[in-house]
Amino acid sequence: ATANDVLSEVRSLRQDSTQLFTRDDLRSILRGKLVEALRANGADSSIRFSDDTNSGGDTNSDDENNDNKQSSHMHVPTVLFIMVKFSVSALAVLVAAASSSSSSSVTAFVPASSCSTRFGVASKLQSAVAEAPPTATTKSGEALTPPPLSPLTVWGEPIVDIASLQKKCRSQTAPGFAPTVHATEDWGLASDDIEGQLRYAKEHAMELKQQMQENGCLVFRGFDLMKTSEGFQDFYNAIGMKVCLDPLHSVSARPTVSGEKNSPVYEAVNKESRKNFFIGMHNEFVGTRAPRAAAFVCLKAAETGGEFLIADGRAIFRDLDTDLVERLYQRNIRYSVMELPFFGWMDNLPQVLQDPLAAGIKGLASAAINSKVDFSVDLQWGQSDYDKTKMLQARAPSQPPIVLHPVTGDPTWFCNVHSHSSKLRLQRESVYGAERFEDGASQINKSDMFFGDDGDLTDAELQHLDQVTMKNVQFIKMTEGDVVLLDNYKCMHGRNVFDGTRKHGVAWFEGWEGEEQMKATMMSP
């Protein structure tokens, strides 16, 4: 029994089914695969499951009444009953999702025909649909259509000699980074002159985008225009930014500020349960998708801390040790994007069960996860760095840590080791305190980082990456109405720990009006 065996059987059965997968469906599949594996390994052909209440067609009544024959049966705890430790119902929903062609809504889990509610699963899903967030509307009351998907990541051409390129960059004058644009000091407008601010933004839209492109980031201060989510949207629409869906959209991991479906302004990690969690420096990308730009807005500042962090990826590339840059670029890097830390109980099972059970679980999890993301995820068994619990770790494909900017061609550090490394994260937790795991998602959303060949970075390499990154970090204490408009390829971002109530939002952009014109200008002799 392999992961592919289980996955193929689930898909085959699902194609012919109009009903929601139930616990019994999943139990039957895993029972069958366990029986196949046990018999292939020489187990007695008469295999019993401990929750069987009736012999059915598996054994005969003579066996049940004969103590001597009973002793020859292998009693196997039903896999799905053991797996209740991490929610059987949730697994059933995940497998149903694995066969769905849509991954953007709760209704994707529900088959076209009426669902059976024998086990309560369908009724829970129907309840979830009924409680789905309201759809965002325009000022005229019309429902907003969802923005386009986040664009595919632009990796650019391979860099032939990364060391020579770094040397060349070091010899040049460092470019500017993150200048401040103030409503009064730079635009000559009062902070409460909302109409004037909007008019100025429209008239100077190309100039503002050019400044963002050249400097990697712009920090807007003193604008009442952006103190509301609606004013924030008016601002970025005025300068011609083309909004797109959150790159995490396929897994619905980030709520919107308004709580409305299709709203383009997302929450920017404001949960009180994550206030102790220092969000390391990263570029926003998930698998194959990365927005070209982003705008972060402060709608309410935290009472203490909560600074928005920015860093110039071009500067980090220049400052890193050349030998390490060569190793990272030659071997590539890859991330683990998820950990399923629910499997410590498997170590207590008989050894003959562990391998087929591990294959079955891996197959089901692969089906669920790969149906929700548009890149290939490789599942590997391992141990959590936090408590050594047996876990399944989902690893994304390997990728280069340095890219050439899609418009300017500047080499820039495009690598999330600072936020994704479990060792660096644990190191920060020793300073700021551990994140409070208040829900299953917090436990699952654990990441790590490796070389592209799955090799580990040394502690010395990680410390160097941390030191160079933090050397280039700027802490931006934002107040209501402040906006940070950034180029996602040049500017990394993060967030400091905080106390109090924090409400920041973010909008992602697939590009902007005039981007191709900028690119043509940059490429002209």
Side-chain angles (χ1 to χ4, degrees), residues 153-179 211-218 279-285 290-294 308-335 396 398-421 424 449-452 455 457-458 460-476 484-494 518-519 522-523:
T153 306
V154 182
W155 298 110
E157 293 297 322
I159 301 170
V160 177
D161 189 343
I162 194 75
S164 295
L165 182 59
Q166 185 190 47
K167 183 178 180 180
K168 178 181 178 181
C169 290
R170 287 173 173 174
S171 68
Q172 298 171 340
T173 302
F177 180 67
Q211 289 178 1
M212 176 202 68
Q213 184 75 100
E214 293 174 355
N215 296 283
C217 176
L218 292 179
I279 299 177
M281 305 308 295
H282 61 284
N283 305 93
E284 202 68 30
F285 62 91
R292 277 287 291 107
F308 185 67
L309 312 182
I310 56 174
D312 189 344
R314 298 165 297 178
I316 293 174
F317 169 64
R318 290 196 308 272
D319 292 346
L320 284 172
D321 176 76
T322 302
D323 290 339
L324 178 57
V325 165
E326 288 188 303
R327 284 196 299 276
L328 287 165
Y329 195 76
Q330 289 168 1
R331 297 174 64 179
N332 276 352
I333 51 98
R334 76 182 306 198
Y335 305 102
S398 65
Q399 60 194 56
I402 297 147
V403 298
L404 299 178
H405 189 270
V407 174
T408 65
D410 296 332
T412 184
W413 179 248
F414 195 71
C415 176
N416 292 347
V417 58
H418 194 257
S419 63
H420 280 48
S421 167
L424 294 182
M449 185 264 194
F450 310 87
F451 282 109
L457 278 75
T458 66
E461 289 171 334
L462 288 171
Q463 289 307 311
H464 175 69
L465 289 165
D466 180 54
Q467 291 167 4
V468 171
T469 300
M470 291 307 298
K471 168 189 170 185
N472 286 285
V473 168
Q474 293 184 27
F475 284 63
I476 308 296
V484 176
L485 179 67
L486 60 83
D487 182 309
N488 187 46
Y489 283 79
K490 288 185 178 180
C491 182
M492 309 185 80
H493 63 276
M518 287 185 189
K519 189 172 183 178
M522 293 296 303
M523 296 178 65

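Side-chain atoms are counted along with the backbone in the values below, which use heavy atoms only and exclude waters and symmetry mates.
Side-chain atoms of I402 and V325, non-hydrogen and from C-beta on, do get closer than 4.5 Å to each other. Residues I333 and Q399 are in side-chain contact: their nearest non-hydrogen atoms beyond the backbone lie under 4.5 Å apart.
Partners of R334 under the side-chain hydrogen bond (donor to acceptor under 3.5 Å, both in side chains) rule, at least two apart in sequence or in another chain, are D454. The side-chain contact (heavy atoms from CB on, under 4.5 Å) search around E214 returns Q210, not counting sequence neighbours. Taking the side-chain contact (heavy atoms from CB on, under 4.5 Å) definition, one finds that T469 meets it with M281, I316, H418, V473, sequence neighbours left out. Contacts of S164 classified as side-chain contact (heavy atoms from CB on, under 4.5 Å), with partners at least two apart in sequence or in another chain: D161. Shown here are the ring pair (Phe, Tyr, Trp, His ring centres under 6.0 Å) partners of H282, two or more places apart in sequence or in another chain: H493. For H405, the side-chain hydrogen bond (donor to acceptor under 3.5 Å, both in side chains) test picks out Q213, T408, D487, with sequence neighbours left out.
Ring orientation note: the planes of F285 and F414 are close to parallel, at an angle under 30° on the 30°/60° scale.
Residues L462 and L424 share a closest heavy-atom pair of O-CD2, 3.9 Å. Taking all atoms of both residues into account, the shortest heavy-atom contact from P406 to V154 is CB-CG1, 3.8 Å. Of all non-hydrogen atoms in Y489 and P291, the two that sit nearest each other are CE1-O, 4.0 Å. Residues F317 and C169 approach most closely at CE2-SG, 4.0 Å, considering heavy atoms. In this structure, V417 and Y335 approach most closely via the heavy-atom pair N-CE2, 4.2 Å. Across S419 and G280, no two heavy atoms sit closer than the pair CB-O, 3.5 Å.
The CH2 atom of W413 lies 5.5 Å from the CG atom of L320; values are rounded to the nearest 0.5 Å. Between atom CZ of residue F177 and atom NZ of residue K490 there is a gap of 10.5 Å, rounded to the nearest 0.5 Å. Distance CG/D312 to SG/C217: 9.5 Å, rounded to 0.5 Å. Annotation: the span from L328 atom CG to D323 atom CG amounts to 11.0 Å, rounded to 0.5 Å. One finds the OG atom of S421 at 9.0 Å from the CD atom of Q463 (value rounded to the nearest 0.5 Å). Rounding to the nearest 0.5 angstrom, the gap separating the SG atom in C491 from the CZ atom in R314 is 9.0 Å.
Enclosure of atom CD in Q172 by more than 12 non-hydrogen atoms of other residues, nucleotides or ligands within 6.0 angstrom is indicated.
The backbone N or O of R292 sits nowhere less than 3.5 Å from a side-chain atom of N488 that would complete a donor-acceptor pair. Checking side-chain atoms of Y329 against main-chain N and O of I162 turns up no donor-acceptor pair under 3.5 Å. For R170 (side chain) and R318 (main-chain N/O), a donor-acceptor pair under 3.5 Å exists by modelled atom type.
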**OP:** Could you give me the CA-CA distance, side-chain angles and deciding distance for I310 and M492, then say whether side-chain contact (heavy atoms from CB on, under 4.5 Å) is met?
**Re:** CA-CA 6 Å; I310 56 174; M492 309 185 80; over 6 Å; no

Original post:
Should N283 and T153 be marked as a side-chain contact (heavy atoms from CB on, under 4.5 Å) after you check the CA-CA gap, both sets of side-chain angles, and the distance that decides it?
Top reply: CA-CA 11 Å; N283 305 93; T153 306; over 6 Å; no

Original post:
Does the side-chain contact (heavy atoms from CB on, under 4.5 Å) test come out yes or no for I279 and L309, once each step is laid out?
Top reply: CA-CA 9 Å; I279 299 177; L309 312 182; over 6 Å; no

